[in-house]
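Taking it in order: structure first as structure tokens, then the write-up.
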Amino acid sequence: MNVSLSSEDSGDVTSPYGAGAGSRLVRRRRWTVVAACASAVLSASGVYATHWVLSPAEAAARSQAPKATVVTAPVVRQVMRNTLVFRGSFSDGRTVSATPTSVAVTQPGSQPSALVVTGVFARPGQRVNAAQPLVEYDARPVFALPGAFPMYRDLTMGEEGKDVVQLQRALHSLGRTTGPDPSGTFGAGTAAAVRHMYAAMGYEPPLTTPAETVPSDTGSAARQPSDASDAGTSGSREAGSEAGVTVPSSEVVFLPSLPARVVSVPVHVGDAVKGPVITLARGDMTLTGFLDPAERGLVTAGAKADILAEGTGAHATGAVASVGALVTPGTGKENEASDDSAADAQPDSAYVPVKIEGSGSWDRRFADQDVRVTITAAATSRAVTAVPEAAVTAGADARSTVTVVSGSGGQRVVPVTTGVSADGLVQVTPTRGYTLQAGDRVVVST
């Protein structure tokens with residue numbers, strides 16, 4: 001009889017252990033691999049854990065303070081300088097405004113019923129000279145003349161007074177003679193000079209009466225045909241032709257010094273005149289600094305200054321012109337220290353006013369600005385040896401010393417005498433027998 005065997009049966013027949021024995025072997029191998037992997041993981045975990053487990057000795061060592069290190073700084077040789085920073089304020093100085101209130105006539109005819117701006121010839125910041133038309137209203141000019149006090153009345157023939165003296169001096173400064181007129185008397189010579197001044201500006205002179213009006217006591221003489229009569233009455237005819245010339249207070253602004261600076265022109269052509277048409281500064285912008293009284297001795301006239309307006313970015317250099325006396329707000333003396341709009345920016349505490357002049361004309365961006373003033377003043381006239389203030393120590397015997405560290409780390413104590421201090425440095429002079437040179441390193445206390 002023939003018997004057929006499958007491959008599986010063949011395997012079972014040929015294997016000495018059979019199918020059950022093979023399965024157990026595979027499972028046994030798998031558990032062996034798993035156990036090996038687990039052992040490796042546990043070993044690695046143990047090694048990692050040792051980094052977090054400290055012995056008592058190690059813990060004590062790690063809790064100890066680190067070894068102290070020595071902080072050093074170099075010895076320098078330089079001119080000692082004090083840098084002072086304080087606030088300051090710009091102002092336009094004394095200002096004068098022109099506000100026309102009436103219109104002068106130049107010939108018979110209708111009188112303007114309203115004051116209207118008909119020309120603007122100046123702009124803010126511009127420097128203007130005497131007898132220069134600045135603004136025009138109703139075809140009449142507004143201009144400046146040199147003079148110490150404002151014009152308080154119209155001036156015309158026959159007027160006398162110190163305001164006439166001021167007018168005559170202003171005319172003389174323009175090269176206009178006032179003829180035989182006595183000082184302080186508005187006569188024909190002064191009137192002729194006024195007429196020429198207006199003509200140079202391109203305007204008719206203002207009149208109080210028609211130009212052709214001639215005093216009655218000179219009319220008959222003016223009609224005499226003979227040369228002798230004409231010669232005898234020439235002065236009378238001149239007086240008659242100037243009889244109505246006047247200088248109206250609405251047209252002239254007197255300033256103590258010229259050229260002047262235009263502060264503002266708040267009107268445009270066509271505007272009705274309802275207030276000032278122009279404001280002029282009697283001088284250039286001025287800068288007043290407010291110095292701490294404790295630093296009064298550190299600033300002297302001539303010290304260089306650096307000025308910065310943080311608001312506008314304007315920057316300039318200048319020099320101290322003068323250092324004033326102590327000002328204590330509330331005593332009434334603060335206005336004496338600053339007689340202009342800078343008074344509005346004065347501090348509430350005591351200060352020393354410092355006047356500062358610019359290296360040139362001040363930038364217009366400084367106008368009315370609160371600024372930072374930096375002054376660097378030399379505290380020594382020559383280079384001196386200096387160390388940081390923290391490097392100087394005082395012993396029980398009150399002697400000052402510095403400790404010098406050598407390149408190898410060694411230290412030596414050098415007795416010194418201290419001098420001026422500035423910007424964190426102090427001047428030191430080693431006691432006789434000791435040396436201290438620029439470049440040495442000294443211990444700095446922390």
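Remark: the T72 side chain and the R441 side chain contain an N/O donor-acceptor pair separated by less than 3.5 Å. Between T190 and T178, the side chains place no donor N or O within less than 3.5 Å of an acceptor N or O (distance only, hydrogens not considered). For the 3.5 Å distance criterion, the side chains of H315 and D363 fail to qualify, holding no donor opposite an acceptor. Between the side chains of T246 and D154, not a single donor N or O lies within less than 3.5 Å of an accepting N or O. Judged purely by distance below 3.5 Å, without hydrogens or angles, the side chains of R77 and T385 pair a donor atom with an acceptor atom. A side-chain donor from one of T83 and D423 sits under 3.5 Å from a side-chain acceptor of the other. In the model, T317 has a side-chain atom that pairs as donor or acceptor with a side-chain atom of S359 under 3.5 Å.
In this structure the side chain of V405 reaches within 4.5 angstrom of the side chain of V443, judged on heavy atoms. T286 is not listed as a side-chain neighbour of W362, based on a closest heavy-atom distance of 4.5 Å or more. Side-chain atoms of V414 and T401, non-hydrogen and from C-beta on, never get closer than 4.5 Å to each other. Looking at V404 and L436, their side chains come closer than 4.5 Å, going by heavy atoms from C-beta outward. Counting heavy atoms from C-beta outward, M197 and L174 have side chains that approach closer than 4.5 Å. Counting heavy atoms from C-beta on, the side chains of V117 and V273 come closer than 4.5 Å. Between L425 and Q78 there is a side-chain heavy-atom pair separated by less than 4.5 Å. Using a 4.5 Å heavy-atom threshold, the side chains of R153 and D163 count as touching.
Not a single donor-acceptor pair under 3.5 Å links the side chain of D440 to the backbone N or O of V75. Of the possible donor and acceptor atoms, one in the side chain of Q168 sits under 3.5 Å from a partner among the backbone N and O of T185. A donor-acceptor pair under 3.5 Å is formed between the side chain of D181 and the backbone N or O of G187. Side-chain N or O atoms of S421 include none that pairs as donor or acceptor with a backbone N or O of E389 at under 3.5 Å. Side-chain atoms of T380 come within 3.5 Å of backbone N or O of M80 as a donor-acceptor pair. With T118 contributing its side chain and A139 its backbone, the two residues share a donor-acceptor pair below 3.5 Å.
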* Asked: Should V426 and V387 be marked as a side-chain contact (heavy atoms from CB on, under 4.5 Å) after you check the CA-CA gap, both sets of side-chain angles, and the distance that decides it?
  -> CA-CA 6 Å; V426 60; V387 298; 4.0 Å; yes
* Asked: Going through the checks in order, is the side chain to side chain donor-acceptor pair (under 3.5 Å) test met by S89 and T288?
  -> CA-CA 6 Å; S89 181; T288 301; over 6 Å; no
* Y198 vs F143, ring pair (Phe, Tyr, Trp, His ring centres under 6.0 Å): CA-CA, chis, key distance, verdict -> CA-CA 10 Å; Y198 272 95; F143 58 97; 5.6 Å; yes
* To do: Check the pair V402, T393 against side-chain contact (heavy atoms from CB on, under 4.5 Å), reporting the backbone distance first and the verdict last.
  => CA-CA 6 Å; V402 296; T393 59; over 6 Å; no
* To do: Would you please test V373 and I356 for side-chain contact (heavy atoms from CB on, under 4.5 Å) and show each step?
  => CA-CA 9 Å; V373 180; I356 300 174; 3.5 Å; yes
* Go through E310 and R87 one step at a time and tell me if the salt bridge (Lys or Arg N to Asp or Glu O under 4.0 Å) criterion holds. => CA-CA 11 Å; E310 296 97 325; R87 305 304 299 180; 3.0 Å; yes
* To do: With side-chain contact (heavy atoms from CB on, under 4.5 Å) as the test, would you mind laying out the steps for L167 and F186 before giving the verdict?
  => CA-CA 9 Å; L167 173 63; F186 196 126; 3.8 Å; yes
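When the shell of 6.0 Å around CZ of R399 is examined, it contains 12 or fewer heavy atoms from other residues, nucleotides or ligands. Heavy atoms of other residues, nucleotides or ligands lying less than 6.0 angstrom from CZ of R169 number 12 at most. Within 6.0 Å of atom OH in Y434, 12 or fewer heavy atoms from other residues, nucleotides or ligands are found, so the atom counts as exposed in its surroundings. Counted within 6.0 Å of CZ on R372, heavy atoms from surrounding residues, nucleotides or ligands total 12 or fewer; the atom is thus considered open.
Between K304 and E357, no side-chain nitrogen of the basic residue sits less than 4.0 Å from a carboxylate oxygen of the acidic one, so the salt-bridge criterion is not met. Look at E204 and R195 and you find no salt bridge, because none of the NZ, NE, NH1 or NH2 atoms lies under 4.0 Å from a carboxylate O.
Between S173 and P146, the shortest heavy-atom distance links the atoms OG-CG, 3.7 Å. The two atoms that bring A122 and V265 nearest to each other are O-CG2, 3.7 Å, heavy atoms only. Scanning both residues, L115 and S102, for their nearest heavy atoms gives CD2-N, 4.0 Å. Contact detail for V262 and V128: the closest heavy-atom pair is CG2-CG1, 3.8 Å. Across all non-hydrogen atoms, the minimal contact from V416 to P430 is CG1-CA, 4.0 Å. Summarising the geometry of A309 relative to V371, their closest heavy-atom pair is CB-CG1, 3.8 Å, with the distance given to 0.1 Å.
Interatomic distance, L291 CG to L326 CG, rounded to the nearest 0.5 Å: 10.5 Å. Within the model, atoms CD of Q132 and CD of Q126 stand 6.0 Å from one another, a figure rounded to the nearest 0.5 Å. Note that CG of L155 and OG of S249 are 8.5 Å apart. Values are rounded to the nearest 0.5 Å. Atom CE of residue M151 and atom CD of residue E251 lie 9.0 Å apart, to the nearest 0.5 angstrom. Once rounded to the nearest 0.5 Å, the distance linking CG of L255 with CG of L145 reads 9.0 Å. From T95, atom OG1 reaches atom CZ of R261 across 10.0 Å, with rounding to the nearest 0.5 Å.
The aromatic rings of F366 and F90 lie parallel to each other, their planes meeting at an angle below 30°, with 60° marking the opposite boundary.
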